[in-house]
Amino acid sequence: KGHARVGDSLILTKPIGTGAVLAAASVGGVSAELMSFCLDQMDKSNFDAMKILLDEDVSALTDVTGYGLAGHLAEILRASGCGVSLELNSIPFLPGSPSLVASGYTSSLQNSNEQVLVDFELKNGLTMSVPELRLLADPQTAGGLVAAVPTENITRCLDNLNAHGYTCAHVGVIEEQNWLIR
């Protein structure tokens, strides 16, 4: 976790939102199609993604689980002594998960996980009322990987991940100090 380099690009290998989907499913609040898609994403092993990332000179890597994307990204940033510019609009979410959060479907860990978001500077008018922002603290079950790779390798890396069935995205850049969410 502690070797992210300034200028590296951040990749997320699976969409987030399993906490919200599973919370809604526990009271019958999701469709069979959404539940099936969520389970398919959870069932996708991180093994091939890890191999691809290692081939692309990954500098920092962790899985996204109970602390959510923001919590696990904060672990990388603290261990590496650097910052980030995270692009909220680039993050893949499970279909409908922002609407579920807006309707009040969240995990029992959501409120405590959201505490890490105070460490980030919110830009572009973002507030905690934005469901997508709250999903950064959504605890994941069998989540994907968040990884820092050299920017010059980003296109090839994403192409390889997509070819292996990952719903991945370039979600930000490692910076010197600031922890920004745009």
Side-chain angles (χ1 to χ4, degrees), residues 1-22 41-42 44 46 49-50 52-54 56-94 97-98 101 106-107 109-151 153-154 157-158 161 166-182:
K1 293 180 189 179
H3 301 288
R5 300 171 294 230
V6 172
D8 279 352
S9 291
L10 280 178
I11 292 176
L12 180 65
T13 65
K14 290 184 186 181
I16 60 175
T18 61
V21 171
L22 295 175
Q41 291 299 305
M42 290 166 49
K44 179 80 173 148
N46 287 324
M50 183 188 66
I52 291 166
L53 292 164
L54 288 172
E56 296 298 341
D57 194 26
V58 65
S59 61
L61 171 74
T62 190
D63 58 339
V64 181
T65 56
Y67 295 123
L69 175 58
H72 290 288
L73 179 56
E75 290 177 330
I76 287 175
L77 299 176
R78 285 186 185 103
S80 301
C82 55
V84 69
S85 180
L86 194 62
E87 299 295 330
L88 189 61
N89 291 333
S90 297
I91 295 171
F93 299 101
L94 288 173
S97 59
V101 169
T106 59
S107 164
L109 298 175
Q110 182 71 32
N111 289 337
S112 62
N113 280 1
E114 284 181 6
Q115 296 306 306
V116 74
L117 293 173
V118 301
D119 293 336
F120 290 86
E121 183 180 345
L122 305 180
K123 296 292 195 177
N124 303 330
L126 286 175
T127 66
M128 285 305 298
S129 64
V130 175
E132 292 83 358
L133 179 63
R134 294 191 66 211
L135 279 165
L136 297 182
D138 185 61
Q140 301 305 287
T141 299
L145 303 173
V146 60
V149 299
T151 297
N153 297 357
I154 192 74
C157 187
L158 290 172
L161 288 164
Y166 292 95
T167 306
C168 58
H170 176 202
V171 298
V173 176
I174 298 294
E175 295 188 346
E176 283 191 35
Q177 294 180 337
N178 299 318
W179 292 24
L180 305 175
I181 300 174
R182 300 179 191 280

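All of these numbers come straight from a predicted model, not from anything done at the bench.
- A donor-acceptor pair is defined here as one N or O able to donate and one able to accept, closer than 3.5 Å; no such pair exists between the side chain of Asn153 and the backbone of Pro150.
- Within the model, atoms CD1 of Ile181 and CD1 of Ile91 stand 7.5 Å from one another, a figure rounded to the nearest 0.5 Å.
- Scanning for side-chain contact (heavy atoms from CB on, under 4.5 Å) contacts around Glu121 gives Lys123, Leu180, with sequence neighbours left out.
- Under the side-chain contact (heavy atoms from CB on, under 4.5 Å) criterion, Ser107 pairs with Leu109, Pro139, sequence neighbours left out.
- Partner of Val149 under the side chain to side chain contact (heavy atoms under 4.5 Å, CB included) criterion, out of Leu61, Asp57, Leu53, Leu54: Leu53 alone.
- Applying the side-chain hydrogen bond (donor to acceptor under 3.5 Å, both in side chains) test to residues at least two apart or on different chains, the pairs with a partner in residues 142-151 are Ser9-Thr151.
- Listed by first and then second residue, the salt bridge (charged side-chain N to carboxylate O under 4.0 Å, His left out) pairs involving residues 58-73 amount to none (not counting sequence neighbours).
- Checking side-chain atoms of Lys44 against main-chain N and O of Thr167 turns up no donor-acceptor pair under 3.5 Å.
- The CG atom of Leu145 sits 8.5 Å away from atom CE of Met50, with the distance rounded to the nearest 0.5 Å.
- Rounding to the nearest 0.5 Å places OH of Tyr166 at 12.5 Å from CG of Leu12.
- One distance of note links CZ of Phe93 with CG of Leu88; it measures 5.0 Å at 0.5 Å rounding.
- Checked against salt bridge (Lys or Arg N to Asp or Glu O under 4.0 Å), Glu56 has the following partners two or more places apart in sequence or in another chain: Arg156.
- A search for side-chain hydrogen bond (donor to acceptor under 3.5 Å, both in side chains) contacts involving Gln140 returns Thr18, Asp138, not counting sequence neighbours.
- To the nearest 0.5 Å, atom CG of residue Leu158 and atom CD1 of residue Ile11 are 4.5 Å apart.
- Partners of Thr62 by side-chain hydrogen bond (donor to acceptor under 3.5 Å, both in side chains), not counting sequence neighbours: none found.
- Distance CD1/Ile52 to OG1/Thr13: 9.5 Å, rounded to 0.5 Å.
- The nearest pair of heavy atoms linking Asn113 to Ala137 is ND2-O, 2.9 Å.
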Listed pairs under 3.5 Å, donor-acceptor, residues 128-135 side chains, sequence neighbours left out:
| from | atom 1 | to | atom 2 | distance (Å) |
| --- | --- | --- | --- | --- |
| Ser129 | OG | Thr127 | OG1 | 2.7 |
| Arg134 | NE | Glu114 | OE2 | 2.6 |
| Arg134 | NH2 | Glu114 | OE2 | 3.0 |

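- Listed for the Lys14 side chain is no donor-acceptor partner under 3.5 Å among the backbone atoms of Asn46.
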Less than 3.5 Å apart, which donor and acceptor atoms pair up between the side chains of residues 68-85 and the rest of the protein, not counting sequence neighbours?
| from | atom 1 | to | atom 2 | distance (Å) |
| --- | --- | --- | --- | --- |
| His72 | ND1 | Glu75 | OE1 | 3.1 |
| His72 | NE2 | Thr65 | N | 3.2 |
| His72 | NE2 | Thr65 | OG1 | 3.1 |
| His72 | NE2 | Tyr67 | N | 3.4 |
| Glu75 | OE1 | Lys1 | NZ | 2.9 |
| Arg78 | NH2 | Asp119 | OD2 | 2.5 |
| Ser80 | OG | Lys1 | O | 3.1 |
| Ser80 | OG | His3 | N | 3.2 |
| Ser80 | OG | Ala4 | N | 2.9 |
| Ser80 | OG | Ile76 | O | 2.9 |
| Ser85 | OG | Arg182 | NE | 2.9 |

